[in-house]
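Predicted model, so just to flag it, every value in this text is computed and none were measured. Numbers for residues simply follow the sequence, beginning at 1.
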Amino acid sequence: MLNLLLQLWGGAFYLLNKFFFSRAERAVSVQIQQSRLILAWSCYLVGLPPWVFIFISERNWIAAAVESSGVPAMIMGLIAARQEQVSFHQHVWLDYLARLMVVVGLGLSFYDFGGLTTLNQVWELGVAAGFLVGTYLLARQKAQGYFWLVVGNISAAALMMRQGYFVLMAQQLLSLLLVADAYWVRKRR
């Protein structure tokens, strides 16, 4: 029961995050876009704890560390959404924290499994690349971030399918549609 509750919590808020990103790209005013981006980044943060718990419970160290390291990028995105002019140099410590978490996650995974030895670790690396690069680029308001989120969504869907988390797998696949929509709207503008 706890497993299902965590999947619903994490999946719903991550899906809402993608929904609000998509809606922000379609906004007709800066104020509406700003409010939708604030909702998007906030949903990301609220949906994070169950994902990290599930990844740790499955010994998905890379994915757990990457999700945790995404917090600085999420905070940067939230700050950027709240302010019209953002100096990312003021928040350079968030970049360093994110990088440190990735190194810790890779180290834990390689130590636990004796190197890169499982297919799950390969999918975790896809999650890592997609999630970190995607959130980082979106926090800096770059459209390429959506492409990287697609990589992360596909990798996470495959990982969740392999581990029997079918609610989260479905959520990742639905997220693909919203991410693609946001990307195409941004590119048309």
Side-chain angles (χ1 to χ4, degrees), residues 10-52 55 62-102 105 124-157 168 171-189:
F13 279 97
Y14 269 31
L15 194 56
L16 281 171
N17 160 262
K18 303 307 183 295
F19 173 77
F20 286 123
F21 271 143
S22 175
R23 301 315 308 163
E25 294 298 340
R26 294 178 180 280
V28 294
S29 73
V30 173
Q31 291 81 12
I32 292 172
Q33 182 180 40
Q34 195 174 14
S35 67
R36 289 176 181 171
L37 287 172
I38 289 168
L39 286 169
W41 290 111
S42 298
C43 285
Y44 230 162
L45 286 165
V46 172
L48 179 71
W51 277 96
V52 172
F55 284 142
I62 299 169
V66 165
E67 288 292 324
S68 299
S69 69
V71 170
M74 291 175 195
I75 292 170
M76 284 174 38
L78 192 55
I79 291 168
R82 293 180 55 88
Q83 301 173 355
E84 287 185 30
Q85 290 286 342
V86 177
S87 172
F88 287 100
H89 298 306
Q90 292 174 328
H91 308 290
V92 72
W93 65 274
L94 292 171
D95 276 340
Y96 292 128
L97 180 60
R99 291 176 191 170
L100 174 65
M101 289 300 296
V102 172
E124 285 185 80
L125 289 173
V127 170
F131 180 74
L132 283 178
V133 176
T135 55
Y136 182 79
L137 290 173
L138 287 176
R140 292 183 171 268
Q141 301 173 357
K142 307 274 188 202
Q144 300 90 339
Y146 290 121
F147 167 77
W148 286 99
L149 286 183
V150 167
V151 171
N153 285 133
I154 291 170
S155 299
L168 292 177
Q171 175 269 322
Q172 290 294 309
L173 295 175
L174 287 172
S175 288
L176 283 173
L177 299 174
L178 294 169
V179 168
D181 176 65
Y183 176 76
W184 290 117
V185 170
R186 170 79 67 93
K187 285 309 241 183
R188 280 187 294 195
R189 261 195 285 145

Would you tabulate the side-chain donor-acceptor contacts of residues 143-150 under 3.5 Å, counting partners in other chains and residues two or more places apart, or write 'none'?
| residue | atom | partner | partner atom | Å |
| --- | --- | --- | --- | --- |
| Tyr146 | OH | Glu25 | OE2 | 2.8 |

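Once rounded to the nearest 0.5 Å, the distance linking NZ of Lys18 with CZ of Phe13 reads 13.5 Å. Rounded to the nearest 0.5 angstrom, Phe21 CZ and Ser175 OG are separated by 11.0 Å. Going from atom CD1 of Ile62 over to atom CG of Leu125 covers 4.5 Å, rounded to the nearest 0.5 Å. The distance from the SG atom of Cys43 to the CD1 atom of Ile38 is 12.0 Å, given to the nearest 0.5 Å. If you take CZ on Arg188 and CZ on Arg26, they are separated by 6.0 Å, rounding to the nearest 0.5 Å. If you take OH on Tyr14 and CZ on Phe131, they are separated by 4.5 Å, rounding to the nearest 0.5 Å.
Smallest separation of non-hydrogen atoms from Leu37 and Ala81: CB-CB, 3.6 Å. For the residue pair Val151 and Gly126, the shortest heavy atom distance occurs at CG1-O, 3.9 Å. Across all their heavy atoms, Gly10 and Trp51 have their closest contact at O-NE1, 3.2 Å.
Ser22 pairs in a side chain to side chain contact (heavy atoms under 4.5 Å, CB included) with only one of the listed residues (Val179, Asp181, Asn17, Leu177), which is Asp181.
Leu78 places none of its side-chain heavy atoms less than 4.5 Å from the side chain of Ile75. Between Leu178 and Leu15 the shortest side-chain heavy-atom distance falls below 4.5 Å. Annotation: side chain of Leu39 is not in contact with side chain of Arg23 (no heavy-atom distance under 4.5 Å).
Remark: Asn153 pairs with Gln172 by the side-chain hydrogen bond (donor to acceptor under 3.5 Å, both in side chains) rule, at least two apart or across chains.
Applying the side chain to side chain donor-acceptor pair (under 3.5 Å) test to residues at least two apart or on different chains, none of the pairs has a partner in residues 35-48.
Without hydrogens or angle criteria, Gln33 side chain to Val28 main chain gives no donor-acceptor distance under 3.5 Å.
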